[in-house]
Amino acid sequence: FQGGQDLNYFNCGALWFLSCSFFVFLFFFLIEKGLHYQWLKVAAFLGLWIGSHIQSKYFIVGTGPSFLLLDVAWIGCVYLAVGYYGKKYIFHKKVLVASIVVLILFTVTRLTGVSEYVNGFAIELWSHTYRYPVLDMLIPVSGFIILANLMKLVPQGIGSDLLSYIGKYTLPNMACHQILIYLLREHNIN
């Protein structure tokens, strides 16, 4: 309930996304069902986006998780809203082309070192490194749109089987490192 995110101790840090997912869906439900005007919903999601980036800017690494991982849930709620409201546009050719252009421009700009803003970009929700509000929206959403369109080209069943196979073996492995951390701590091995 408190976030399960402190990876320095054996308290299920690998499962931080469970509490985070709970609050993502809770916030989304409250905004979607509690606000009756579209402009209020947009304002609420925008407020969560701005709030998460303000919190991230002042987050001090090493201080542990934020309270209930609310900042991560806020940004996750906005991504959920983008997916929910944008689902009918994901497979439009113009949206796909725009997404490809965005990622190409980002890649070229980063490789040429033209912009410090772009060169400093990183997004890792669990470590609170999301400090580029525009890029934090454009790059993940563009990447998702391209991936969704690529997966549509894969024959039905193969894509889901592949993702299922990957998930089957990665989820247990993700949690196994907690046991290793615990054993190393017990034997004073850093």
Do N149 and I145 have side chains that get closer than 4.5 Å, going by heavy atoms?
yes
Which residues pass the side chain to side chain contact (heavy atoms under 4.5 Å, CB included) test with L26, sequence neighbours left out?
F22, F23, L30
Quick one: list whatever passes ring pair (Phe, Tyr, Trp, His ring centres under 6.0 Å) with F28, sequence neighbours left out.
F45, Y84
Same cluster or not: Y132 versus L105, using hydrophobic residues (I, L, V, M, F, W, Y) connected whenever any side-chain heavy atoms lie under 4.5 Å apart?
no
Is any side-chain heavy atom of M137 less than 4.5 Å from a side-chain heavy atom of V78?
yes
Can you list, pair by pair, the side-chain donor-acceptor contacts under 3.5 Å of residues 86-102, counting residues two or more places apart and other chains?
residue, atom, partner, partner atom, Å
H92, NE2, K88, O, 3.3
S99, OG, V95, O, 2.9

Hits for side chain to side chain contact (heavy atoms under 4.5 Å, CB included) against T109, two or more places apart or cross-chain, chain-then-number order -> V114, S115, V118
Would you say L46 and I54 are hydrophobically clustered, going by side-chain heavy atoms of ILVMFWY under 4.5 Å?
yes
Do F106 and L138 make a side-chain contact, defined as non-hydrogen atoms from C-beta onward lying under 4.5 Å apart?
no
So if you build clusters from Ile, Leu, Val, Met, Phe, Trp, Tyr with side-chain heavy-atom gaps below 4.5 Å, do V42 and V141 land together?
no
What residue pairs, at least two apart or across chains, pass side-chain hydrogen bond (donor to acceptor under 3.5 Å, both in side chains) with a residue in residues 30-53?
E32-K41, E32-Y85, H53-D136
Heavy-atom closest pair, residues A73 and V24
O-CG2, 3.5 Å
Nearest 0.5 Å, what's the SG-CH2 distance between C20 and W74?
12.0 Å
More than 12 heavy atoms of other residues, nucleotides or ligands under 6.0 Å from CZ of F144: yes or no?
no
I'd like to check D71 versus I75 (side-chain heavy atoms, cut-off strictly below 4.5 Å). Are they in contact?
no
Once you round to the nearest 0.5 Å, how far does CG of L80 lie from CG of L48?
11.5 Å
Closest approach of P140 to Y79 (non-hydrogen atoms, all atoms of both residues):
CG-OH, 3.6 Å
